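The next block holds one structure in the form of structure tokens; read it before the comments.
The structure presented is a predicted model; accordingly, all values stated were derived computationally and were not measured.
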Amino acid sequence: MDNQHINRRKFLRMLGLGGAVTVASLTGCKTKKTEELGEEYVNQVEPPVGKMTFRTNPKTGDKISILGYGMMRLPTVGGSSAREGQSEIDQEQVNRLVDYAIEHGVNYFDTSPAYCQGLSERSTGIALHRHPREKYFVATKLSNFNPAQWPKEESVKMYHDSMKELQVDYIDYYLLHSVGGGGMENFRQRYMDNGMLDYLMQEREKGKIKNLGFSYHGDIEVFDYLLEHNDLYHWDFVQIQFNYLDWEYANESNNRNTDARYLYEELQKRGIPAVIMEPLLGGRLANVPQFIAREMKKRSPESSIASWAFRFAGSPEGVLTVLSGMTYMEHLKDNLLSYCPLKPVTDDEKEFLFDMARKIVGVATIPCNDCNYCMPCPYGINIPAIFVHYNKFKNEGKLPNDVEDEQFESNKREFLISLDRAVPRQRQADHCIGCGQCEPHCPQNIKIPRELQRIDKFVEQLKQGTLNEIGGYDKSV
């Protein structure tokens, strides 16, 4: 064997070793993958074939898998998610994931021109085109966030480019992407003043779009307006943020978010199917504080923490499908176990989850969903990675914010070392100049420069040994 020309991926493939646990045992250390997955995936069982739960779209009769594949966290050859933009998409792995998903009944695949540094649609198209067209429904979006894309000819081009990238001649589910951000004026400029909404409705009449809807974040005035005019637009579906924390506590982080209960019930009144996004709040509900995880494991030792959130999101009958961005096969298998078949949450389990939600709200973290809409930062700061790192220590009860704590020094050392590993020095919070370009793009309306500056101050105090106040999340700042 020529050890000068064989790389690590080929070596593991030759041995038939791909799992995180095996790699960790070979190298004697945990990989990034094992850290992301957690120990509960070690003894994962195979999900059954032929047991997927399906929902019927009342408007078209489509039978949709309750689990939808969100193509925004595709794996890369570097072993991370393509959202980080550090490596090319691992198309071979994407193909395997899609094949496995379809084999187990998944038939709804959601993408966007904006996902994975603009490469998600192409990768999704390559993977899906290998299967008969009737085996899947593809959803994509008019992601014309940039004002340069607002002229009709530019938005129309984006629409047609999506079909080329996806290798289809019609789109099953097409969305106006993230309406509500920027309020009514932004919505009018992106979709109404340029005639794009009228154009897309005409495309629906021609059969080029089978179902027309929108995804919502932000200003509730836009959501209400679009539903009030449903007799004009005839929305076939609407995509909303929905999970057991957002059910009644969506506005805890700021008062512009809207409770999922209101959004869902307004859709139900009009018989509009709901497509669910953020069932895990960008992973936050898979990485809950440790004391909450213990309560969940005590109640159901065999269930993963994430499965509680997926079962909750899929239980209401008005839900058409629940989207999950799955980077690793272990993610896919765990979600399939939750939905093959779906065991709806009981009333007692709902109350248990609402109690967990109240407790999570009491452990205030930065409400970042790791959606990457704030990226790229013009100054190179990795905003989501900084927030995810901070929240991880907060959730685990290891944030070094109390110098009297006997674990302070060890927690401080771990916090600072792991920060440098997770985020290169030149991309950390101290490089934020407060320009605010990121803030309007955040679906959670986080005051991003303020939070970065607070974290920078906290990190500097740890390094200088001058910490003299609590460094936890302070909404009053």
Side-chain angles (χ1 to χ4, degrees), residues 57-62 64 108-115 118 120-121 125 137-240 258 263 266-267 269-275 277 320 373 440-441 443:
N57 185 337
K59 293 180 174 289
T60 61
D62 294 340
I64 305 293
Y108 190 97
F109 295 84
D110 173 90
T111 182
S112 158
Y115 294 166
S120 175
E121 285 186 323
F137 299 95
V138 65
T140 192
K141 308 171 182 73
L142 183 57
S143 307
N144 57 349
F145 301 124
N146 190 323
Q149 299 165 326
W150 292 351
K152 184 176 180 178
E153 59 271 19
E154 294 299 322
S155 290
V156 169
K157 181 179 184 301
M158 178 179 287
Y159 162 68
H160 286 289
D161 284 348
S162 289
M163 282 195 271
K164 291 177 184 176
E165 297 282 23
L166 291 165
Q167 303 184 51
V168 298
D169 55 11
Y170 65 89
I171 297 173
D172 299 285
Y173 289 79
Y174 197 69
L175 301 93
L176 313 184
H177 196 177
S178 194
V179 306
M184 280 299 302
E185 181 60 26
N186 178 273
F187 174 78
R188 290 184 185 280
Q189 290 177 321
R190 289 175 63 191
Y191 301 117
M192 298 184 71
D193 295 345
N194 59 6
M196 272 309 295
L197 182 49
D198 290 335
Y199 176 83
L200 295 176
M201 291 170 64
Q202 291 168 7
E203 289 292 284
R204 178 173 58 182
E205 291 180 14
K206 295 176 184 177
K208 305 300 284 185
I209 294 172
K210 302 298 184 182
N211 297 271
L212 182 62
F214 63 89
S215 65
Y216 163 75
H217 286 290
D219 194 332
I220 192 59
E221 180 187 4
V222 182
F223 180 87
D224 288 341
Y225 171 85
L226 293 178
L227 292 196
E228 287 168 5
H229 292 81
N230 187 47
D231 290 343
L232 173 62
Y233 301 126
H234 302 288
W235 301 113
D236 297 301
F237 70 109
V238 173
Q239 191 165 303
I240 58 173
T258 304
L263 302 177
E266 288 300 302
L267 295 178
K269 289 177 185 177
R270 296 164 176 85
I272 302 174
V275 171
M277 58 182 165
L320 188 61
Y373 286 2
H441 302 290

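- For the 3.5 Å distance criterion, the side chains of Asp62 and Tyr173 qualify, holding a donor opposite an acceptor.
- Atom OG of residue Ser143 and atom NE2 of residue His177 lie 4.5 Å apart, to the nearest 0.5 angstrom.
- Side-chain contact annotation: Tyr115 with Lys141, donor-acceptor N/O pair under 3.5 Å present.
- To the nearest 0.5 angstrom, Tyr199 atom OH is 8.0 Å from Ile209 atom CD1.
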Asp110 vs Val138, test: side chain to side chain contact (heavy atoms under 4.5 Å, CB included). Steps then yes/no. CA-CA 6 Å; Asp110 173 90; Val138 65; over 6 Å; no
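- Atoms CG and CD, from Leu263 and Gln239 in turn, are 12.0 Å apart once rounded to the nearest 0.5 Å.
- Met196 CE to Glu203 CD: the interatomic distance, rounded to the nearest 0.5 Å, is 8.5 Å.
- Counting heavy atoms from C-beta on, the side chains of Gln189 and Asn194 never come closer than 4.5 Å.
- In this structure the side chain of Phe237 never reaches within 4.5 angstrom of the side chain of Leu267, judged on heavy atoms.
- Side-chain atoms of Asn211 come within 3.5 Å of backbone N or O of Asp172 as a donor-acceptor pair.
- Under the rule for a side chain to side chain contact (heavy atoms under 4.5 Å, CB included), the partners of Gln149 that lie at least two apart in sequence or sit in another chain are Asn144, Asn146, Met158.
- A centroid separation of 6.0 Å or more is found between the aromatic rings of Phe214 and Tyr191.
- Between Trp150 and Ser155, the shortest heavy-atom distance links the atoms O-OG, 3.9 Å.
- Remark: the Thr111 side chain and the Ser120 side chain contain an N/O donor-acceptor pair separated by less than 3.5 Å.
- The two residues Gly207 and Tyr170 have their closest heavy-atom pair at O-CB, 3.7 Å.
- Taking the side chain as every heavy atom from C-beta outward, Pro113 and Thr140 approach each other to under 4.5 Å.
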Can you check salt bridge (Lys or Arg N to Asp or Glu O under 4.0 Å) on Lys210 and Asp236, steps first, answer last? CA-CA 9 Å; Lys210 302 298 184 182; Asp236 297 301; over 6 Å; no
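- The distance from atom NE2 of His229 to atom CG of Leu226, rounded to the nearest 0.5 Å, is 9.0 Å.
- Across every non-hydrogen atom of Gly181 and Asn186, the tightest pair is O-OD1, 3.1 Å.
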Open item on the list: Is there a side chain to side chain contact (heavy atoms under 4.5 Å, CB included) between Asp219 and Val179? Walk through the geometry before answering.
Closed with: CA-CA 8 Å; Asp219 194 332; Val179 306; over 6 Å; no
Exercise. Side chain to side chain contact (heavy atoms under 4.5 Å, CB included) between Lys208 and Tyr159: does it pass, once the steps are laid out?
Worked result: CA-CA 11 Å; Lys208 305 300 284 185; Tyr159 162 68; 3.4 Å; yes
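- With ring centers used as reference points, Phe137 lies 6.0 Å or more from Phe109.
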Requested in this report: Verify salt bridge (Lys or Arg N to Asp or Glu O under 4.0 Å) between Glu185 and Arg188, making sure each step is shown before the conclusion.
Outcome: CA-CA 5 Å; Glu185 181 60 26; Arg188 290 184 185 280; 5.6 Å; no
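- Aromatic ring centres of Phe223 and Tyr216 lie closer together than 6.0 Å.
- Between Leu227 and Arg270 the shortest heavy-atom distance is O-NE, 3.3 Å.
- Atom CD1 of residue Ile220 and atom OH of residue Tyr225 lie 15.0 Å apart, to the nearest 0.5 angstrom.
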For Lys157 and Glu154, what are the C-alpha separation, side-chain angles and deciding distance, and is it a salt bridge (Lys or Arg N to Asp or Glu O under 4.0 Å)?
-> CA-CA 5 Å; Lys157 181 179 184 301; Glu154 294 299 322; over 6 Å; no
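- Counting only distance, with no hydrogens or angles, the side chain of Asn230 and the backbone of Trp235 share a donor-acceptor pair below 3.5 Å.
- Leu166 approaches Glu121 most closely through the heavy-atom pair CD2-O, 3.5 Å.
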* To do: Apply side chain to side chain contact (heavy atoms under 4.5 Å, CB included) to the pair Leu175 and Leu142, showing each step before the final yes or no.
  => CA-CA 6 Å; Leu175 301 93; Leu142 183 57; over 6 Å; no
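- Closest approach of Gly271 and Lys59 over heavy atoms only: O-CE, 4.0 Å.
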